[in-house]
Amino acid sequence: MEATAALGIAGNVVQFLEFGQKLCRTFSQIHRSATGVTEHNNDTEILIHSFASNVGVISGDLAKYCAHLGATKGPDGGMNSGQGGDQMQAVIRGCGEVAVDLLGRLDKLKSCSGLPVGKRKAILTTVKAMWKGKELEDLELKLSRFRKELQWIVVVSLRRSLDLLESRQKDQFEILQTSMSDILTRLIQVNMTPLPAWPTAASLASPSLQPGVHERLGNSYASGLAEVEELALKSLAFPVMPHRETEIADAEAATFDWIFAEPQHRDRSWSNFSEWLTGDNSARLYWINGKAGSGKSTLMKYLVRHAKTKAALQAWAGSTKLLLASFFFWHNGHEIQRSQIGLIRSLLYACLKNHRELIPVVLSGTEALDANDLSDYWNLPKLREALERLVSQTRFDLKFVFFVDGLDEYAGTHGEIADILKRISLRGNVKVCVSSRPLLVFDHAFDGLPHLVLQNLTFNDITFYVNNKLGDNERMKTLEKYEPGLRASLTDAIVRKASGVFLWVHLVVKSLLDGLGNYDVGDDLRRRLDDLPEELEALYWLMIQKVKPAWYLEEGNGKPQHRSDTGLQVNCGWSMVAWPPAI
């Protein structure tokens, strides 16, 4: 079963499960009152009155769920056959049966909707006659079981879809590469005449190259040479080369500015990054490490694109021309995006695309190859040789800076990639900035080198981010009139639980903003925050719960009421219906 279909269907069914469980809890409370457990409880009196007043509205909502579950099922549920689809169908059928049963029982209570508060005996008698205490408990357990089954079905569907997507991407990439090679070959055969070979690196430096020889070659030679260079340069590129960097979220305004400042965390020391950028010391590799979700990739993208980074590096380079290139490993991407081949091809392409004068030196050996030969030319040994020629050539005075993100997402041996980058950084004209999770292999490889631990340094960034997101929300501004300090207390709790993991913070803030959109009050928001798991993977189920059916967004039959103590609108989260605070 496709994961996208499973997510959409699961989101619809989850809404009914939440509705059904809350309705069961309400029936249970009324049933306990009917047996005398809370006979003299004033809250129960209010509960029964509110329930009776809204039986018609609740029945209408339940009828919508019945209709929606029937539409979701359809003749084949709109789902692929197989174990996932069959299991999902079974859950939907079970939910539909429960919905029909609840609707039938609620119809019996409609006649009680006009009774005054003091005459609740008819409601108590009807609920007691409709339900046995054990039946209510069994029904709530059944709904809970449906929810767990649904979670498992969606997780399995997602895993299968990811495997299928990876396989399809690989096939499409291979087809595209073959097709493009064929097209380029035909164009070259039709439009190009034989071209002279490049001068080799040795001949370029040779004193036997007489003055004026290039001028005598004429314009046709220069034009032909440019076409050969262009073909060689394009052979380094691959379709998904920029995808990972562009998909990484941009840093929030004013976050990460601390990285260009003097380190202030004396109890959490870190190496001065600006000093490393501008300095001409022997330690030319800087290691940014942090836990998963702490924002390493966002920080690396921020550094690669920030003007302060380039200005500081130019101060190091002086009058020498500076070349900056970056690569972002991606374990969940195409095979080439997590390989050493992808890394070197990206770095070479970035350095050469704006400095064509380097192509004859770095890519020597490719000038006589046609498009078909070039497509199979770049194996790992040849790429390593080309990168070595790039950083070691002396014909042009250059300095290089490489930013490489996500070493832990490299598909090969982690120790190998660490050693390769360390060796490159030993050259006087090269600096390398890398990032990874704090794996032991990198801890050993980069021991003694400049570094920082990201989750130890983002306290202020997280505080700023949460304050801004909550503070900009109009509903939060209204709540703070009645509950001063609410935003500050929520922010403190989030920062304390986050442990520096920015992705966790992003998901939690999104959940709170959803709650504000549902007219949650302060206690609701605190309970929502307390109920959220502190591990990233455990938040996956929360993503499913956020999918709502289209009709949920329509205006409800009832209108939100006002709480007399605060004058704030209340929404119980599962229906636009006024409901007692006891739920």
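Model, not experiment: these values are computed from the prediction.
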K.L.:
Check whether D524 reaches the backbone of V521 with its side chain - one donor and one acceptor, N or O, closer than 3.5 Å.
P.N.:
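Answer holds: yes.
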K.L.:
Start with the C-alpha gap between R526 and S489, add the side-chain angles, then the distance that decides, and say whether side-chain contact (heavy atoms from CB on, under 4.5 Å) holds.
P.N.:
CA-CA 9 Å; R526 293 185 191 94; S489 67; 4.3 Å; yes
K.L.:
Taking atom types as modelled, find out whether D405 and W330 have a side-chain donor-acceptor pair closer than 3.5 angstrom.
P.N.:
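Their side chains do not contain a donor-acceptor pair, so the 3.5 Å distance test is not met.
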K.L.:
Do V304 and T309 come within less than 4.5 Å of each other through their side chains, counting heavy atoms only?
P.N.:
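Not in contact.
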K.L.:
CG/L407 to CG/L421 distance, rounded to the nearest 0.5 angstrom?
P.N.:
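Spacing of CG (L407) from CG (L421) equals 6.0 Å.
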K.L.:
Parallel, tilted or perpendicular for F327 and F329, by the 30°/60° rule?
P.N.:
perpendicular
K.L.:
Between the main-chain N or O of P263 and the side-chain N or O of N272, is there a donor-acceptor pair closer than 3.5 Å?
P.N.:
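Looks like no, no N/O pair under 3.5 Å.
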K.L.:
So do the side chains of C433 and M300 get within less than 4.5 Å of each other, counting heavy atoms only?
P.N.:
yes
K.L.:
Can you list the steps and then say if E247 with K301 is a salt bridge (Lys or Arg N to Asp or Glu O under 4.0 Å)?
P.N.:
CA-CA 10 Å; E247 289 185 5; K301 179 178 178 179; over 6 Å; no
K.L.:
At their closest point, which heavy atom of K431 faces which heavy atom of L277, and how far apart are they?
P.N.:
NZ-O, 2.9 Å
K.L.:
For A312 and T278, work out which heavy atoms get closest and say how close.
P.N.:
O-CG2, 3.4 Å
K.L.:
Please test W276 against S271 for side-chain contact (heavy atoms from CB on, under 4.5 Å), starting from the C-alpha separation and ending with a verdict.
P.N.:
CA-CA 8 Å; W276 178 81; S271 307; over 6 Å; no
K.L.:
Check for a donor-acceptor pair, side chain of Q393 on one end and backbone N or O of F396 on the other, with a separation under 3.5 Å.
P.N.:
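A pair under 3.5 Å: yes.
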K.L.:
Compute whether any side-chain donor of one residue and acceptor of the other, for S436 and W287, lie under 3.5 angstrom apart.
P.N.:
yes
K.L.:
Is a side-chain N or O of R338 found less than 3.5 angstrom from the main chain of G333, in a donor-acceptor match?
P.N.:
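Answer holds: yes.
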K.L.:
Please report the C-alpha distance between H451 and Y286 in whole Å, then the side-chain angles of each, then the deciding distance to 0.1 Å, and finally whether the ring pair (Phe, Tyr, Trp, His ring centres under 6.0 Å) criterion is met.
P.N.:
CA-CA 5 Å; H451 70 282; Y286 195 104; 7.7 Å; no
K.L.:
Inspect the contact between R395 and E357 and indicate whether a charged nitrogen and a carboxylate oxygen are less than 4.0 angstrom apart.
P.N.:
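Looking at E357 and R395, the cut-off is not met.
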K.L.:
Any carboxylate oxygen within less than 4.0 angstrom of a Lys/Arg side-chain nitrogen, looking at K510 and D514?
P.N.:
yes
K.L.:
Enter the distance from L233:CG to L374:CG here, rounded to the nearest 0.5 Å.
P.N.:
11.0 Å
K.L.:
Can you tell me how far the CG atom of L490 sits from the CZ atom of R487, to the nearest 0.5 Å?
P.N.:
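L490 CG to R487 CZ: 10.5 Å, rounded to 0.5 Å.
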K.L.:
Establish, from distance only, whether the side-chain atoms of H506 and Y465 form a donor-acceptor pair under 3.5 Å.
P.N.:
yes
K.L.:
What's the shortest heavy-atom distance between K296 and I288, and which atoms?
P.N.:
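For K296 and I288, the tightest heavy-atom pair comes out as CD-O, 4.4 Å.
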K.L.:
Is the closest basic N to carboxylate O distance between R527 and D530 below 4.0 Å?
P.N.:
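No, R527 and D530 are not salt-bridged.
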K.L.:
Would you mind checking if K321 and D397 are paired as a salt bridge, meaning a charged N to carboxylate O distance below 4.0 Å?
P.N.:
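Answer for the salt bridge query: no.
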K.L.:
Short question: side chain of N518, backbone of D520 - any donor-acceptor pair under 3.5 Å?
P.N.:
no
K.L.:
Can a side-chain donor-acceptor contact be found between S511 and R528 if the only test is distance below 3.5 angstrom?
P.N.:
yes
K.L.:
At what distance, to the nearest 0.5 angstrom, does CG of L303 lie from OG of S435?
P.N.:
9.5 Å
K.L.:
Can you tell me if CD on E416 sees more than 12 non-hydrogen neighbours from other groups inside 6.0 Å?
P.N.:
yes
K.L.:
Looking at H414 and D408, would you say the former's side chain and the latter's main chain have a donor-acceptor pair under 3.5 Å?
P.N.:
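Indeed, once roles are kept as given, a pair shorter than 3.5 Å links the two residues.
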K.L.:
Can you tell me how far CZ of F256 sits from CG of L457, rounded to the nearest 0.5 angstrom?
P.N.:
10.0 Å
K.L.:
Are the side chains of T458 and L454 in touch, meaning some heavy atoms are under 4.5 Å apart?
P.N.:
yes
K.L.:
Nearest 0.5 Å, what's the CD1-CG distance between I344 and L387?
P.N.:
5.5 Å
K.L.:
May I ask you to decide if the ring planes of W270 and W258 are parallel, tilted or perpendicular, using 30° and 60° as cut-offs?
P.N.:
perpendicular
K.L.:
Any salt bridge linking K382 with E385? Criterion: basic side-chain nitrogen under 4.0 Å from a carboxylate oxygen.
P.N.:
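No.
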K.L.:
Taking atom types as modelled and ignoring hydrogens, do the side chains of D257 and Y302 form a donor-acceptor contact shorter than 3.5 angstrom?
P.N.:
yes
K.L.:
Whether R475 and E480 form a salt bridge (side-chain N of Lys/Arg under 4.0 Å from carboxylate O of Asp/Glu) is what I want to check.
P.N.:
no
K.L.:
Does any N or O in the side chain of K291 come within less than 3.5 Å of the main-chain N or O of V501, such that one atom is a donor and the other an acceptor?
P.N.:
no
K.L.:
Side-chain contact test, heavy atoms from C-beta onward, threshold under 4.5 Å: evaluate it for L363 versus W378 and give yes or no.
P.N.:
yes
K.L.:
For K477 and G471, work out which heavy atoms get closest and say how close.
P.N.:
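Scanning both residues, the minimum pair turns out to be CE-O, 3.1 Å.
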K.L.:
For the residue pair S364 and V361, what are the closest heavy atoms and their distance?
P.N.:
OG-O, 3.6 Å
K.L.:
Would you call E388-R384 a salt bridge at under 4.0 Å N-O?
P.N.:
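Looking at R384 together with E388, the answer is no, because their closest N to O distance does not fall below 4.0 Å.
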K.L.:
Test side-chain contact (heavy atoms from CB on, under 4.5 Å) on V432 and R284; report intermediate values, then the result.
P.N.:
CA-CA 6 Å; V432 180; R284 294 191 178 88; over 6 Å; no
K.L.:
Could you tell me whether the side chain of D461 and the main chain of T255 form a donor-acceptor pair under 3.5 Å?
P.N.:
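Judged by distance alone, no pair lies under 3.5 Å.
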K.L.:
Salt bridge check: are D419 and K422 linked by an N-O gap of less than 4.0 Å?
P.N.:
no
K.L.:
Any sub-3.5 Å donor-acceptor pair from T463's side-chain atoms to F459's backbone N or O?
P.N.:
yes
K.L.:
Is there side-chain contact between D250 and T298, with heavy atoms separated by less than 4.5 Å?
P.N.:
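No. Closest side-chain heavy atoms not under 4.5 Å.
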K.L.:
Examine distances only and state if a side-chain atom of R345 and a backbone atom of M241 form a donor-acceptor pair shorter than 3.5 Å.
P.N.:
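No; zero donor-acceptor contacts below 3.5 Å.
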K.L.:
Counting the benzene-type ring for Trp, do F260 and H306 have ring centres under 6.0 Å apart?
P.N.:
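Yes; H306 has its ring centre under 6.0 Å from that of F260.
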K.L.:
Closest heavy-atom contact between E409 and R244?
P.N.:
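What the structure gives for the nearest pair is OE2-NH2, 4.2 Å.
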